[in-house]
Each structure stands twice: as structure tokens, then as C-alpha cells.
Amino acid sequence: MEPCDLLIHSAAQVVTCAGPPGPRRGAAMRELGIISDGAVAIRGTTIIAVGPSAELRRRFHPAREINARGRAVCPGLVDCHTHIVYAGDRVAEFEQRCAGATYQEIMAAGGGILRTMRLTRAATTAELVEATLPRLQQMLRLGTTTAEVKTGYGLARDAELRQLAAIGLLAAAQPVELVPTFLPAHAVPPEFAGRADAYIDLVIEEMLPLARDWYRVSSFAARSIPLFADVFCERGAFDVAQSRRVLAAAQALGFSLKAHVDEFAELGGLAMALELGATSVDHLDVTNPVMFPALAVSATVAVLLPLVSLNLGLSHFAAARQMIDAGVAVALSTDANPGSAPSLSLPLTMAIACRYMRMLPAEALLATTVNAAHAIGLGGRVGAIMPGMQADLLVLTEADYRWLMYELGGSPVERVIKRGQVVVGESE
């Protein structure tokens with residue numbers, strides 16, 4: 001018998017999400033590769049075998065084992081768009097929205113991103129780490145094993161660099177694997193009111209080079225985890241020309257690219273981001289379907305964020321069904337942040353996507369595993385249960401993976417395994 005460090009066996013379903021390289025599109029977003037009465041063998045941090053329980057139990061002698069007892073096993077979830085490093089909250093603004101104020105009205109009055117900016121600027125790096133750790137712990141309990149994390153609440157050189165420093169410290173302090181994104185072009189800070197181009201100059205000339213220098217000596221670079229640059233291309237934030245300047249400058253410095261586009265208004269940011277070869281374009285709530293064919297033939301992943309529409313009380317959601325049918329590689333994410341999406345739950349995100357965006361459960365799972373991994377440059381490394389992949393897995397509380405989307409607001413995860421170690425629940 002071959003030795004292995006951990007054998008998970010007797011799962012009603014091992015939902016492998018296995019498939020060819022690259023993000024899933026079209027009908028392939030319904031192919032989950034489910035193995036009944038399945039098992040997974042792990043050596044170190046890596047999956048070494050997947051198959052029927054009887055076969056793997058004959059083949060391997062494990063140092064540890066987990067009897068899944070007829071529950072489903074699936075890949076660890078990947079949250080590919082979050083803003084979880086911040087100080088304070090926006091509870092009062094939630095009440096304002098309940099009374100009828102719009103997100104844009106609150107932002108124009110100095111609230112929204114600018115309120116969080118003021119609180120985040122006043123926080124030390126240690127305070128940002130302390131505030132964020134509980135969020136990551138909750139995400140882990142809900143099945144997220146990898147998460148992208150953005151800056152963007154500093155909107156000034158030193159404050160943005162403190163957020164990057166906090167992300168680095170958080171990556172070392174807890175199990176969720178983090179991917180950093182630099183987003184100083186999230187909003188125009190008050191000291192640059194009416195001078196957005198001057199702020200873009202500062203971002204390009206000072207902030208981006210400093211972020212690049214930080215990354216080069218960081219643990220992320222050492223582990224081949226990419227650093228992304230992002231921009232909020234939206235009415236009231238940055239126009240297409242300004243957004244292009246930021247992304248082109250970042251690309252020249254070696255950043256991978258993302259872009260917030262078409263959340264409230266379609267300005268043309270999607271075409272610009274596709275031209276620059278962005279890894280992902282995020283939001284797409286008001287994107288004209290005429291753009292779907294161009295998105296489908298690109299390598300860019302469309303990251304949809306349904307909790308924003310739900311939280312803002314909107315009746316309109318991104319056209320996930322049309323995008324998938326057009327061949328677009330669709331991912332889902334929480335957009336976890338204190339204002340427009342105060343939730344850390346990918347199961348809830350999937351539940352809303354199935355109900356309001358007409359996604360099938362299989363599509364929702366692939367959108368939060370394989371495709372989400374590709375949206376943050378980790379495709380082929382996390383997001384599927386295949387030999388050679390990182391051993392990030394969930395043992396669910398039920399026998400059918402569809403409970404992840406079926407139950408509203410629940411906690412369907414019994415155990416979480418990250419890099420081959422049980423980090424939530426007990427080993428046996």
C-alpha cells in the first residue's frame with residue numbers, strides 16, 4: 001500500500017470540478033465530475049489521487065483519515081472580489097438606504113467609500129489586521145479557502161500601503177490564502193475634489209511603483225501569487241480615459257489587471273479592459289448584451305456580484321444566464337465590503353445567483369471554484385479536486401452539494417481542509 005498523509009473517504013459525492021485547463025464556459029459549466037462513494041488521498045499539501053472509496057482504501061495507507069459518512073465533499077470556495085481590509089462600519093448608511101437614499105446619493109454627501117476612507121486612514125496597520133481577522137475566520141467557516149483582497153479605502157499613498165501591509169500580515173496569520181489587489185483608484189479623495197486627473201497622476205507616479213516594490217519583497221511574490229491593479233470605472237469615480245491610464249501604467253510595471261465596470265452606468269470600461277487583457281472584469285450589472293460575444297472570445301473572466309443588488313434593494317441583476325449561454329466565463333463573488341455588500345458568505349452568494357440570475361447549482365459551484373480561481377490568477381492551482389492540485393476541500397453537512405445553494409443563510413460546511421490540514425472541524 002502507498003503511504004499518504006490524509007485520506008478522506010465514504011463521501012456520498014466527491015464533486016471534483018475536474019476538467020481541461022482554463023475557465024469553464026457554456027455547457028461545460030454544468031459538468032462537475034461527481035464521484036459517488038468517493039475518496040481523496042492527500043500527501044503534504046497536494047491531492048495525489050481521487051476515485052471510488054473502495055479503490056483508494058485498498059491502495060493507500062493513510063497517517064490520518066476522515067470518514068465523510070455519506071456527506072458531500074467539494075473544492076474549497078474561492079472569493080475572487082473582496083474589500084475586507086477596512087476600519088469601522090456603515091450601519092447608519094444602511095438605515096438611510098432603508099429610508100430611501102440611494103448608494104450614489106450617500107456617496108455624493110460624503111458617505112460611502114469616503115466614510116470608510118476616513119476611518120481606515122485613522123487606523124494603524126495593527127488595527128486593520130485586528131479588525132479583519134474575524135472576517136477571515138467567518139469566511140473560512142463558510143467554506144472560503146482562498147480570497148482576493150483589495151486596498152482602496154486609503155486613497156492616499158501611506159494609507160494604501162498600510163492596507164497592503166495588513167494584507168501581507170493577514171496572509172501569514174490565518175489559513176485563508178490571500179491574493180492582493182491594489183485599488184487606489186477606488187474613488188476621488190476629498191483633497192482632490194474636482195481634480196481627478198491630478199489624483200490619477202499621483203496614483204501612477206508614486207503609488208503604483210511603491211506597491212510594485214512592496215510586492216517584489218513580499219511572501220506573495222515568493223509563492224508566485226500575483227499582484228493585481230484595479231480601478232473603479234464608474235460615473236462619480238473615474239472615466240474610461242482615467243481608468244485606462246491607471247491600468248496601462250500598472251501593466252507596464254508588471255501588475256495583472258482587474259476593472260470594476262458597468263455597475264451603475266455603462267461608460268465603455270468593459271471594452272477598454274478587454275483591450276488591455278484584464279484577467280477579470282467585475283460587476284457588469286448594466287452591460288449591454290451586445291458586448292457578450294467579445295467577452296466570450298476573450299480570456300477575461302466576468303465576475304458577478306449579486307449580493308450588491310440584493311443589499312441595495314435593486315430589482316436588476318447581472319445577466320448571468322445570457323452570459324453563460326453566450327460562452328462567457330462567469331465567476332461569482334461576495335464583493336464583501338462595509339457598504340454595498342456586507343456579507344462574507346459565498347453560499348449565500350450562490351443561493352441568490354440561482355434564484356435571481358437563473359444560474360444552475362452546478363454553474364454556481366464552478367463559478368465559485370474553477371472560474372473564480374482563474375479570475376485571480378490561480379487557475380490550475382486551486383478550485384478543483386484533481387491530482388496535482390492544492391489540497392483545499394470542504395466536507396459538507398449534507399449528502400448533496402446543492403445544499404450549498406438550496407439553504408438560505410445557513411452554514412452547510414462541516415469541515416474545511418486547507419493545504420492538506422483540517423482547519424475547521426475535527427480530524428479523526
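As the structure is a computational prediction, the values presented were derived from the model and not from experiment. This chain uses plain numbering: 1 for the first residue, then up along the sequence. Just the heavy atoms: all of them, side chains too, but no hydrogens, waters or symmetry mates, feed the values below.
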Criterion side-chain hydrogen bond (donor to acceptor under 3.5 Å, both in side chains) on Glu65 and His9, from CA distance to verdict:
CA-CA 8 Å; Glu65 62 182 278; His9 62 82; 2.7 Å; yes
Is the count of non-hydrogen atoms from other residues, nucleotides or ligands lying under 6.0 Å from Phe264 atom CZ greater than 12?
yes
I'd like to check Pro342 versus Leu307 (side-chain heavy atoms, cut-off strictly below 4.5 Å). Are they in contact?
no
Could you tell me whether the side chain of Arg162 and the main chain of Ala123 form a donor-acceptor pair under 3.5 Å?
yes
Roughly how far, to the nearest 0.5 Å, is the CE atom of Met272 from the CG atom of Leu267?
9.5 Å
If you compare all heavy atoms of Leu346 against all heavy atoms of Ser333, which two are closest, and at what distance to 0.1 Å?
CD2-CA, 4.0 Å
Walk me through it: do Phe182 and Leu208 pass the test side-chain contact (heavy atoms from CB on, under 4.5 Å)?
CA-CA 8 Å; Phe182 194 51; Leu208 287 172; 3.8 Å; yes
Decide, yes or no, whether a salt bridge links Arg69 with Glu414 under the criterion of side-chain N to carboxylate O below 4.0 Å.
no
Atom CZ of Arg402 with >12 non-hydrogen neighbours under 6.0 angstrom
no
If we ignore hydrogens and angles and just use 3.5 Å, is the side chain of Asn371 paired with the main-chain N or O of Pro23 as donor and acceptor?
no
Between Phe292 and Thr287, is there a side-chain heavy-atom distance shorter than 4.5 Å?
yes
Show the numbers, then the answer: is there a side-chain hydrogen bond (donor to acceptor under 3.5 Å, both in side chains) between Asp335 and His81?
CA-CA 5 Å; Asp335 195 16; His81 180 129; 2.9 Å; yes
Hey, can you tell me if Tyr199 and Phe238 have their rings parallel, tilted or perpendicular (30° and 60° cut-offs)?
parallel
Just so I know, are the side chains of Met389 and Cys17 near enough to count as touching, which here means a heavy-atom distance under 4.5 Å?
no
Kindly indicate whether the side chain of Tyr86, heavy atoms from C-beta on, has any atom under 4.5 Å from the side chain of Lys150.
no
Using a cut-off of 6.0 Å, state whether more than 12 heavy atoms not belonging to Arg195 lie near its atom CZ.
yes
When you measure from the side chain of Thr300 to the backbone of Ser280, do you find a donor-acceptor pair of N or O atoms at a distance under 3.5 Å?
no
Quick check against the 3.5 Å criterion: does Glu160 have a side-chain atom that pairs as donor or acceptor with the backbone of Gly152?
yes
SB check Arg24 Glu31 (cutoff 4.0 Å):
no
Using atom types as modelled and distance alone, determine if a side-chain donor or acceptor of Arg212 lies under 3.5 Å from a backbone N or O of Ala250.
no
Closest approach of Leu348 to Gly409 (non-hydrogen atoms, all atoms of both residues)
CD1-N, 4.2 Å
Side-chain donor or acceptor of Gln174 paired with backbone N/O of Leu136 under 3.5 Å:
no
All heavy atoms of Ile42 vs all of Ala391, minimum pair found to be CG2-CB, 3.6 Å
For Pro306 and Leu332, the nearest pair of non-hydrogen atoms, with its separation, is CD-CD2, 4.0 Å
Quick one: does Gln251's side chain have a donor or acceptor within less than 3.5 Å of a partner on Leu257's backbone?
no
Side-chain (Arg25) to main-chain (Ala296) donor-acceptor, under 3.5 angstrom:
yes
Okay, side chain of Ser243, backbone of Asp239: is any donor-acceptor separation there less than 3.5 Å?
yes
Over 12 foreign heavy atoms within 6.0 Å of OH, Tyr406
no
For a quick test of reading the model, state the closest non-hydrogen atom pair linking Ile385 to Leu393 and the distance between them.
CD1-CD2, 3.6 Å
Verify the neighbour count for atom CD of Glu206: are there more than 12 heavy atoms of other residues, nucleotides or ligands below 6.0 Å?
yes
With a cut-off of under 6.0 Å to the ring centre and 45° to the axis, is Arg43 in cation-pi contact with Phe60?
no
Over all heavy atoms of both residues, which pair between Asn67 and Ser10 is shortest? Give the atoms and the distance, please.
OD1-CB, 3.3 Å
Decide yes or no on side-chain hydrogen bond (donor to acceptor under 3.5 Å, both in side chains) for Thr116 and Arg90, but give the supporting numbers first.
CA-CA 8 Å; Thr116 302; Arg90 305 228 290 265; 2.6 Å; yes
